[in-house]
Structures are given as C-alpha cells and as structure tokens.
2 protein chains.
Amino acid sequence: MPTDAPSPTRVRASDELREVALQQFATVGFAASSLQHIADHAGYSKSSVLYHYASKEALLEAAIGPAIDRLETLLREFVDGGRGQAARAVFIERFVDFLLGNRLAVHTFVNQGQSLRGLPVIERANTAIRGLADSICDEHATIAEQMRFGVALAGATYTLVAGATFLDDDDARPIADDDVRDALITVLSELLLTADGLPD
Amino acid sequence: MPTDAPSPTRVRASDELREVALQQFATVGFAASSLQHIADHAGYSKSSVLYHYASKEALLEAAIGPAIDRLETLLREFVDGGRGQAARAVFIERFVDFLLGNRLAVHTFVNQGQSLRGLPVIERANTAIRGLADSICDEHATIAEQMRFGVALAGATYTLVAGATFLDDDDARPIADDDVRDALITVLSELLLTADGLPD
DNA sequence: GCAGAAGCTGACCGATCGGTCAATTACCGT
DNA sequence: ACGGTAATTGACCGATCGGTCAGCTTCTGC
C-alpha cells in the first residue's frame, strides 16, 4: 500500500502534539505550559516533543502561526478593498468566521501578546493586530469613533475568547455556533455600519 | 516624633514592592514574573519580598485584591439598583471609572483569569465577573442581546487594557484620560441604553 | 546604653524548567 | 534477511523557580 491514505485512527504524532500544546497554551498560558505536561497529556515523552519541534517556541509557532497567517490575509483583503459600508460588511463577516474558527489560537496570542513579547511569532501577531487597528481607524477620526472600533473588535474577540474562561467549566450551555455567529455579526454591524462619522 | 507623618520621600517598602509586582504581573504575566525579577526591579532582595509577603500568591492578592473589592461593590450596587435606563447609565459611568482607575489590576485578572485558576484571589475575580455577566443579562434575553452586553463590557475592558499592549511601546500618543472616559461612556451608552429589547 | 523588635540579606534547599545526547526500537524499501 | 531512516525514550545538564532559615543591621522605647 502506498504512503497516502493513512489509517484514520492513526493521527500524526506531530499534529497530536501541536493540538495538545495549543490547548495548553490557551488554557494555562505559554509560560505555565511545560513540555513535560504537554508530553504527558499527549501520551508521549518530553524528548519526543523536542524531536518533532526544535523548541518550545517552535511549538508555539506551529500552534498559532496558521491563524496569524489567516489574520494577515484578512487584513490585506480589507485594506485593498476600501472602507465603504459594503467592504466593511464583508470584513465583519469574515472576521467573525475567523474568530469562530480559531478560538484557541486567538485566545493565545490575544491574551498573551503582551507577556510573550520578543518571540517572533508573537511579534507577527501583534503587528497584524496593530495593523488592523490602524487600517480600520484612518487618520482623521474622533476619539469616540476610534473607541467604537476598538470596543467592537476587542469586544467580539474577547467575548468569544473569554467564553472559554467563564462559560466552559460550569454547566454546559452550548449555544450553537451559528447562532453566536449571527448575533455577533448583528452587533458588530450596528456598531460599525451605522456610525455617524462614516466616510460617506 | 510619633510614628505617623512619614517622610514623603520615604515610601513603605511593602507598597513599593506591591506596585512593582503589579506592574510585572500585568506586563509579563504572573507565571513569568519571578520573585527575583520583582526584587531586582524594586531594588530589594528576593528574601525581602518574602519577608513582606508570605508567598508569591500573597503578593498577587495584595496587588489585585483591592480592585476586585471595588468591582464587587460596583456589582452589588448595580444589582440593588435595578436595571432601568437610569441605573444603567450610572453603572456605565462607574464601570468606566473603575477601569480607568485600575488598569493594571484589571489587565492582570482579566487576561490571566483563565490561566491562574485555582488561586483564591483569582477565583474571587472570576466569580465577580461571572456575576456581572449574569446580573446584566437577565434570564430572558436574546442571544443578540447577550452579545451586545458581552461586546460592550468586554470591549471596553479590553480596549483600555490592551492599550498597554499595542500603544505603550511605540511613540507616545497620550490621549487624555478624560477624553477616553467620555468617548467610552458614549459608546457604551449607545450599546446598552438604546437597545431594542430593553425591559421598558 | 541596652534589649528587642523590625527590616533586610545571602546561603541554601528540593523541584522543575527547557534542552542535549546517546541508545534503543519500529518501520520500510530492496 | 538486511541496512538505513524515522521515531521514541531515559539519563543527564545547567539554570532558575518559590520558599526556608540563620544571621546581620537599623531603628525604637525605656
């Protein structure tokens, strides 16, 4: 049998380790996530982790890098597409989908973007976030206008991201992702599309 | 000379250490803030830190406890005062003032409330935040309604809190606190006072 | 002046950290 | 069956962690 069509029960060790690591980074933090804990939780030894990933930092890069790539793409598309209402509406939808599809990674680099400064992958994330803030709040904008964008994007991000903190442990109340998506798009649209000071 | 009226240049060592520790906890995270670093940064020895505070955890408690007290009071007042528009307006103002007056502490227990679970002082903070979310979003509320509150409070919190992450390092752009306060109150009022589904 | 408390420190402890390395095992094409 | 590569592991390293302790200095009440 050729090399492809891997057995469905047999997942690649590196993928398994990356996912366990992402879970750990998001829930207990990068600094508090020891390679030993990650290895134990995944059923491997610490040495195996360092065989698949050259360092703890490389593991972080593998875990959250793709999400940062997606965010950069999202930002580039938005910058190229202008800032009209239609472009904003498209961006809002894509941004919410991005958040819903990358909760753990976003949780990690949003909540720890400050404390992990200096790590290249984190700098990349912070640069993307800063670029988002800058591009969305063009040069001339009232403080209230800036604050509206800040509250909207940070609020959307943190509402999803902090759901893990304050809703996960207690009784399961699994609101369907689709409902969350719709509600979030509604609220963001209210904030960002009906603003008074829109550039016509 | 009696014990009071301490020399103005001579600040109490315990206060100095607590403030340096809070700064560290907020900027590099609790796990990554070693007692050694805190001591060095404050100009004392690690042993001195442990003389004034029984443990690293006690130091965290001293650093963020008062802010949590204030948040609990705020929450209690809001619960007792009803949920009408007037009460909400008062709460919004007090909440923004609370955020502005406790940025570092809020930054610490909001961003690390997940990773530091298990520490009593953090549990207290998480309980308060959960209580805030519950009390503000009463039993019957649409998902969009809940999301509006979530985005508003989380957005306001994170906008101030993350300002440290993304605005501190680059060129100083010190918007006056008063302006931020006004803008934030405006945006929160838009979100929380004009909502369609208000309980009349 | 002196006893004693308060403040402060260096030496030290066991545990754990991220990371290296040599050895072992599992797998695969030939 | 065999040789080579990939995967996995335990032993080990220096550094640092939070915390303890005995001892040193400084201040204060009498």
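Since the model is a prediction, treat every value here as computed from it, not as a measurement. Reminder, nothing fancy here: chain letters follow the sequence lines and each chain counts from 1.
- Under the 4.5 Å side-chain criterion, counting only non-hydrogen atoms from C-beta, A:L184 is in contact with A:L160.
- The side chain of A:S45 places an N or O atom within less than 4.0 Å of a non-bridging phosphate oxygen (OP1 or OP2) of D:dT9.
- OP1 or OP2 of C:dC8 sits under 4.0 Å from a side-chain N or O of B:H52.
- Ring pair B:F91/B:F78 is tilted by interplanar angle, where 30° to 60° counts as tilted.
- Rounded to whole Å, the distance from CD1 on A:I38 to P on C:dC17 is 10 Å.
- None of A:L75, A:V79, A:T73, A:D80 except one satisfies the side chain to side chain contact (heavy atoms under 4.5 Å, CB included) rule with A:E77; the exception is A:T73.
- Annotation: of the two residues near DNA chain C, A:A54 and A:S34, the 5′-most nearest-nucleotide partner is A:S34.
- Using a 4.0 Å heavy-atom cutoff across all strands shown, B:L35 reaches sugar-phosphate atoms only and no base atom.
- Regarding A:L50, its CG atom lies at a distance of 12 Å from the C1' atom of C:dC21, rounded to whole Å.
- Residues A:A32 and A:S47 each lie close to DNA chain C; by heavy-atom proximity, the contact nearer the 5' end of the strand is made by A:A32.
- An OP1 or OP2 oxygen of D:dT8 is reached within less than 4.0 angstrom by no side-chain nitrogen or oxygen of A:Y51.
- Close to D:dT9, at under 4.0 Å from its OP1 or OP2, lies a side-chain N or O of A:S48.
- The listed nucleotides are C:dG19, C:dC17, D:dC17; the one nearest the side chain of A:Q36 is C:dC17.
- Using a 4.0 Å heavy-atom distance criterion, B:S33 is classed as a sugar-phosphate-only contact.
- At a cut-off of 3.5 angstrom, counting only N and O atoms as typed in the model, there is no donor on one side facing an acceptor on the other between the side-chain of B:K46 and the base of C:dG10.
- Salt-bridge check for A:D177 with A:R103: passed, with a basic side-chain N closer than 4.0 Å to an acidic carboxylate O.
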